[in-house]
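Written below as structure tokens is the structure these notes are about.
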There are 2 protein chains.
Amino acid sequence: MASFGKFIKAEREKKGWSQTEFGAKIKINTPAVSRIENDRKMLSISKIELLATLFELNYNTIKDLYFADKFAKEAYEYKCSEKVFSVAESQTNYLREINAKQGKIKF
Amino acid sequence: MASFGKFIKAEREKKGWSQTEFGAKIKINTPAVSRIENDRKMLSISKIELLATLFELNYNTIKDLYFADKFAKEAYEYKCSEKVFSVAESQTNYLREINAKQGKIKF
DNA sequence: GTAACTTTGCTAAAATTGGGTAAAATGAAA
DNA sequence: TTTCATTTTACCCAATTTTAGCAAAGTTAC
């Protein structure tokens with residue numbers, strides 16, 4: 001995946017929709033679609049579920065792609081090292097773990 | 001690293017500073033330090049360089065830790081799968097690659 | 001040239017962010 | 001128990017960021 005925007009463009013074209021047609025389905029106008037597809041702006045997270053439905057793809061997969069894109073761009077912008085994601089991953093695992101424990105304790 | 005906030009607290013305590021003393025050094029007040037250390041708010045990215053200097057640690061390492069924390073929290077909040085970071089990593093690598101190529105072409 | 005499609009410049013409202021103050025809460029020592 | 005140092009919380013705010021809108025310009029294909 002080059003970017004989330006490029007992914008959206010490819011899926012839209014697979015469906016044979018113009019930017020305007022696609023935009024009408026997700027309730028944004030053509031210029032906004034253009035900016036999203038060209039990575040000038042991000043689509044709102046609130047529309048990801050509708051997007052998955054329109055493209056007939058798994059919601060969680062799309063959501064992952066969305067955040068992966070977001071993180072990648074930020075990591076690139078701030079010149080993070082390649083280690084940043086492994087650190088992030090272990091921390092996310094830790095967060096899941098302690099919150100699972102706390103959930104159990106409360107129960 | 002449990003979180004960036006906990007990392008800051010540990011380093012501060014190693015130096016024997018109170019939150020108030022530490023806050024004076026980075027020009028934020030005690031309640032703000034408390035929030036940052038307890039992961040209620042993020043420290044501004046603009047202060048990361050000063051932070052590295054105060055803790056006598058490598059700037060790029062601190063910056064990585066900062067973003068790793070940010071990504072981890074977001075990935076956790078939105079229940080991303082464990083794959084999100086590997087996707088992000090390959091995209092970041094791709095971004096570096098195409099921008100290196102473009103740099104060369106322009107040159 | 002024309003029509004369909006896409007992009008850009010400028011704007012705006014809403015949301016987010018990182019911090020402040022005042023006061024409450026906590027912890028340790030006497 | 002009291003006191004004092006330290007930390008946390010409630011409430012607030014200015015600045016910034018964000019996604020989108022409109023109008024118009026630009027591009028592409030026929």
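To find a chain, count down the sequence lines: A is the first, B the second, and so on, and within it residues start at 1. Because the structure is predicted, anything quoted here is derived from the model rather than measured.
- Using a 4.5 Å heavy-atom threshold, the side chains of Arg12(A) and Glu21(A) count as separate.
- At a threshold of 4.0 angstrom between heavy atoms, the contacts of Lys47(A) are confined to the sugar-phosphate backbone, with no base atom among them.
- Residue Gln19(A) contributes atom CD, which lies 16 Å from atom C1' of dC22(D) at whole-angstrom precision.
- Following rounding to the nearest Å, Ile26(B) (CD1) and dG20(C) (P) show an atom-to-atom distance of 10 Å.
- At the phosphate of dA20(D), neither OP1 nor OP2 sits under 4.0 Å from any side-chain N or O atom of Asn29(A).
- Near DNA chain C, meaning a heavy atom under 4.0 Å away, the residues from residues 31-41 of chain A are Pro31(A), Ser34(A), Arg35(A), Asn38(A), Arg40(A).
- Counting only heavy atoms from C-beta outward, the side chains of Phe22(A) and Thr30(A) never approach each other to under 4.5 Å.
- Leu57(A) is listed as a side-chain neighbour of Glu11(A), based on a closest heavy-atom distance under 4.5 Å.
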TODO: For Gln91(A) and Asp69(B), run side chain to side chain donor-acceptor pair (under 3.5 Å): C-alpha distance rounded to whole Å, both residues' side-chain angles, the deciding distance at 0.1 Å, then the answer.
DONE: CA-CA 7 Å; Gln91(A) 192 178 325; Asp69(B) 183 73; 2.6 Å; yes
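- For the helix from dG1(C)-dC30(D) to dA30(C)-dT1(D), the end axes, each set by the C1' atoms of five terminal pairs, are bent relative to each other by 40° (nearest 10°).
- Between Lys25(B) and Trp17(B), some side-chain heavy-atom pair lies under the 4.5 Å cut-off.
- Atom NZ of Lys15(A) is surrounded by more than 12 heavy atoms from other residues, nucleotides or ligands within 6.0 Å.
- Rounded to whole angstrom, the span from the CD1 atom of Ile45(A) across to the P atom of dT17(D) amounts to 21 Å.
- Atom NZ of Lys73(B) is separated from atom C1' of dT16(C) by 16 Å (rounded to the nearest Å).
- For Phe71(B) and Phe85(A), the distance between ring centers is under 6.0 angstrom.
- A heavy-atom distance below 4.5 Å is not found between the side chains of Leu43(B) and Val33(B).
- If you check every strand for non-hydrogen atoms under 4.0 Å, Thr30(A) touches a base.
- Ring to ring, Tyr59(B) and Tyr66(B) are not that close: their centroids are 6.0 angstrom or more apart.
- At dC5(C), none of the side-chain N or O atoms of Arg12(A) fall inside 4.0 Å of OP1 or OP2 (strictly under the cut-off).
- In this structure, Met42(B) atom CE and dA15(D) atom C1' are separated by 18 Å, rounded to whole Å.
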